[in-house]
Every structure is written in C-alpha cells, then in structure tokens.
Amino acid sequence: MSKVSNLGDVPQALKLTNELLSLDPTHERATNNKRYFEQMLRDDEKREPLSQEAKRIQYQENRDSYRNTQEFLTYEALCRGENTQPIKDAHRLKCQYVTNNHPLLLLQPAKEEEMHLDPWIVVYHDIMSEEEMRQIKRLATPRLNRATVQNAKTGELETAHYRISKSAWLRGEEDPVIKKYNERMQAITGLDLETAEELQIANYGLGGHYEPHYDFARRDEKDAFKTLGTGNRIATFLNYMSDVQAGGATVFPYLGLKLYPKKGDAAFWYNLHKSGDGIHETRHAACPVLVGIKWVANKWIHERGQEFRRPCGLEPDE
Ligand SMILES: O=C(O)CCC(=O)C(=O)O
Ligand SMILES: [Fe+2]
C-alpha cells in the first residue's frame, strides 16, 4: 500500500489499506497507514491544485540535470511511443533480399528493411529460428549476471542504475547453434566476425532498460577495448529473441527512430564512419520493459579484419 502511495496515488493506497483492514482489522501497520493517508488527503484538499505546467516543473526539479537534457526528454518521449521528429528521407527507405552471393544465403536470402538512411540502420526479418532462440536462452540462463558498464574514467567494469539487465556471453565453440548463427551474421554483413566479441545475451525484466549510450568507444575513454587488440566497435548486430508486450523498444533520440522488438528479427548499424570516427547519431537506448520480458543477443563487430571488406575513407564523415 505504501508503494502505491509512493507513486503518488494516495486515494488508491487508502482504498487498498481499507480492504486489508476489512480482512485483518488488527493489522497494526495498516492501521497507522490509514491514519497517515487520511491526513495526507486532508492536507491535499487545503492546497491549491497544481497546473499541468507546475507539475511538469516540479517533476523536473526533482531529477538530476542529465535527466532534463533534451536528449533524455526525447528518449522518454520515444519510449512513450511519441513521434519526436519525422524520419529523414523516409520516402527513400527500401526493402530488399540480400544474398551477398554467399552460399548460406542463396537459398534463403536475408529480408532487409531499411529503417534509416544516414546513419544506415536496417532490420533483418525472421533470421533466427525458434529452435535457435530456445537453445541460446537455454545456454545463457544459468550464466546470467547483472550487466555492467565500463567506467569511462577508470576503465573499471561496474553496475550502473542506467543499465538494468542481466547478461551472459556465449562462445562460438561451445555449441554448434552459436557457431552457425555467427556464420549467418558474417554472411549477411559481409564483415569478418573473427575479431568480434562473443555473443552477448541480455535479459530485461520488468523495468529493465539501458539509457542512451554509444556502442563505440570515444577517443578520451581509458583503455576502451584495448585489451582486445581488435580496434573499436565498427558495427552492432542486435538480435531480438522475444516480442515485448509493452515498452522495450530500441530508440535513437537524435533520429527520432524507434525499433520495436520482434522475435526472430535483428537490427544492424555501423557505429563508425569509414574514417574510423564515431557516428554520434547512433546514440541509442533500450526503453524500460513495461509488460513482458525482453531477450536480445548482441554481436559487436570490431575494426580489425574489415580493412578490405569496408576500406577506410579519406573524409572524416564519409
Ligand atoms: O536492448 C536493446 O534494445 C539495446 C541494447 C543495447 O543498446 C546494448 O546492449 O548496447
Ligand atoms: Fe547499445
């Protein structure tokens, strides 16, 4: 009951408390709460009602400054399902079958749908089978641990309030399903996955989310990916292994773009320009899960090995 009142719904908290007291009239905590909620409601009646605008200001004053930046407010608006800006050049977006002339794709081409042109963000439909998803979840489940982030100053891995999920890493050698799936991602992207990170499986429970971030490391970050010796994260291949009933979209605040998880689909984008500079508009976030749970599998592809597959460009933003 006090949790309901913490959310600001005192009348509902009082109603539930009265219900509890009708079942257990001697409940001491409920008796005290009842008195407390009734007093709160009497105090409320004396106060001038707050306008929508005043409520918004009060809400914003209680948050840290980052949460009031345009970026964060846009992230929240996108997560509520609002459209914050029209998708640029939406009329030029295309769908196509992709084979890259690769034996793995000739009989079953990948169904590629462009979601954004610059930066280029695509979704591949139905590329993971039910059985593959089941096996990946089976392997990951006993190994799920609270996800961490890298502290940009110290380089240490730590848990953070802005990333709430559990994750596990799966190596290609440990199961034929993983190996085969890695090969499919390699065929579709045309990139070398030898230098990629292992497959990261993430599970988001209710309220699980990951606030706006880049997948690539900035120049001023300490030791980012240095131990790997494979350069920066050139691209992200993000597989959705569940539908999410409400919430849980992947959103790009600078593009006004929302990708809704669809079981068996995957999103793909380059994080770096051909020059190696980061593409800042790829900043993205995983919205809080409101109903259901969310499973994803991330493959972060690195720069080394792509020298001939995606040659360097001479212009910084080519
Ligand atoms: O789960 C998502 O939708 C995005 C996850 C993500 O951005 C990440 O793990 O880096
Ligand atoms: Fe990410």
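This structure is a prediction, so every number in the text was calculated from the model and none was measured. Order of appearance sets the numbers: ligands from 1, and atoms from 1 within every ligand. Hydrogens, waters and symmetry mates play no part in the numbers below; they use all other heavy atoms, side chains included.
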Note, K263 side chain near Y240 side chain (heavy atom, < 4.5 Å): no
The Fe ion (ligand 2) - closest N/O/S atom in D215: OD1
Aromatic Y254 / basic R283 pairing, under 6.0 angstrom, 45° off normal: no
For atom 9 (O) of ligand 1, the protein heavy atom that lies nearest, with its residue and separation: N298 ND2, 3.1 Å
Part of D215 within contact of ligand 1 (heavy atoms, under 4.0 Å): side chain
Nitrogen or oxygen of Q200 less than 3.5 angstrom from that of ligand 1: no
Atom indices of ligand 1, in the order listed, that fall short of 4.0 Å to a heavy atom of A286: 1 (O), 2 (C), 3 (O), 4 (C)
Ligand-side contact atoms (ligand 1) for residue partner Y210, heavy atom cut-off under 4.0 Å: 6 (C), 8 (C), 9 (O), 10 (O)
Atom 5 (C) of ligand 1 [closest protein heavy-atom partner, distance rounded to 0.1 Å]: Y204 OH, 3.4 Å
Part of T236 within contact of ligand 1 (heavy atoms, under 4.0 Å): neither
E113 (side chain) donor-acceptor with V123 (main chain) under 3.5 angstrom: no
Rounded to 10 degrees, the angle NE2 of H284 makes with NE2 of H213 at the Fe ion (ligand 2): 90°
Pair Y66, E71: side-chain N/O donor-acceptor within cut-off below 3.5 Å: yes
Sub-4.0 Å atoms of ligand 1 with respect to non-hydrogen atoms of R163: 9 (O)
W269/H116 aromatic ring centres below 6.0 Å: no
Protein residue, atom and distance nearest to atom 2 (C) of ligand 1, heavy-atom basis: K294 NZ, 3.2 Å
Ring-face cation contact, F72 with R67, 6.0 Å cut, 45° max: yes
For atom 3 (O) of ligand 1, the protein heavy atom that lies nearest, with its residue and separation: T250 OG1, 2.5 Å
Derivation and outcome, ring-ring contact (aromatic ring centres under 6.0 Å, His included), residues F216 and H280: CA-CA 9 Å; F216 61 87; H280 287 267; 5.7 Å; yes
R35 charged N/C atom sitting above F37 aromatic ring, 6.0 Å / 45°: no
Ligand 1 contacted by W300 (non-hydrogen, < 4.0 Å): yes
E307 side chain to G305 backbone, donor-acceptor under 3.5 Å: yes
